[in-house]
Amino acid sequence: MDKKEEMIIGNYIDEYLEGTRPALVTLSSAVPLTPEQKERILTAFIKKTNVTKSYEVVEIVDETLIGGVCLESDNFFFDNTIRNNLTHLKQYILEGQ
């Protein structure tokens, strides 16, 4: 995360804690998402979390994720990235020995 993103998120958190901002949702992916992909992902997110207030999305492109997406908000975390799946597979294999 660069300094600009840190500043934006820091300001957002300050305002959110004061109750003046919508919920913050972080959407991370390995490649930039199309508007249609974002819409599908966020629609599923809203259904899953029953978000009742407005939200603001911060998009992060992180090539180290390899593929898939990661969604995070105040009370929800969903990581369906290839990096995460490989990590779990590695743990599973190592525990089986």
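For the numbers below, each heavy atom of this structure counts, side chains included, while hydrogens, waters and symmetry mates do not. Residues take their numbers from the sequence shown, with the count starting at 1.
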Q: Answer whether the closest heavy-atom distance between the side chains of Leu42 and Val57 falls below 4.5 Å.
A: yes
(Q) Nearest 0.5 Å, please: how far is CZ in Arg83 from CG in Leu65? (A) 4.5 Å
Q: Find out whether Leu71 and Lys48 are in side-chain contact, i.e. whether some heavy atom of one side chain is under 4.5 Å from a heavy atom of the other.
A: no
Q: Enter the distance from Asp62:CG to Ile60:CD1 here, rounded to the nearest 0.5 Å.
A: 8.0 Å
Q. In Å and rounded to the nearest 0.5 Å, what is the OG1 to CD1 distance from Thr87 to Ile82?
A. 11.5 Å
Q: Rounded to the nearest 0.5 Å, what's the gap from OG on Ser28 to CD on Glu72? Could you check?
A: 7.5 Å
(Q) Taking atom CD as the centre, does Glu63 end up with more than 12 heavy-atom neighbours from other residues, nucleotides or ligands that are less than 6.0 angstrom away? (A) no
Q. Is the closest side-chain heavy-atom distance between Val58 and Leu24 below 4.5 Å?
A. yes
Q: Identify the two heavy atoms, one from Gly67 and one from Ala30, that lie closest to each other, and give their separation to 0.1 Å.
A: N-CB, 3.6 Å
Q. Looking only at atom types and distance, does a side-chain atom of Gln37 sit under 3.5 Å from a main-chain N or O of Thr34, one as donor and one as acceptor?
A. yes
Q. Do Leu33 and Ile46 belong to the same hydrophobic cluster, where Ile, Leu, Val, Met, Phe, Trp and Tyr are linked whenever their side-chain heavy atoms lie under 4.5 Å apart, directly or via other members?
A. yes
Q) Do Val31 and Val61 come close enough that some side-chain heavy atom pair is under 4.5 Å? A) no
Q) Under a 4.5 Å side-chain heavy-atom rule over Ile, Leu, Val, Met, Phe, Trp and Tyr, are Phe78 and Tyr55 clustered together? A) yes
Q.
Consider side-chain hydrogen bond (donor to acceptor under 3.5 Å, both in side chains). Of Asp79, Asn84, Asn85, which one does Thr81 pass it with?
A. Asp79
Q: Tell me whether Phe76 is reachable from Leu27 by hopping between hydrophobic residues (I, L, V, M, F, W, Y) whose side-chain heavy atoms are closer than 4.5 Å.
A: yes
Q.
Counting C-beta onward and ignoring hydrogens, is there a side-chain heavy-atom pair between Val25 and Phe45 closer than 4.5 Å?
A. yes
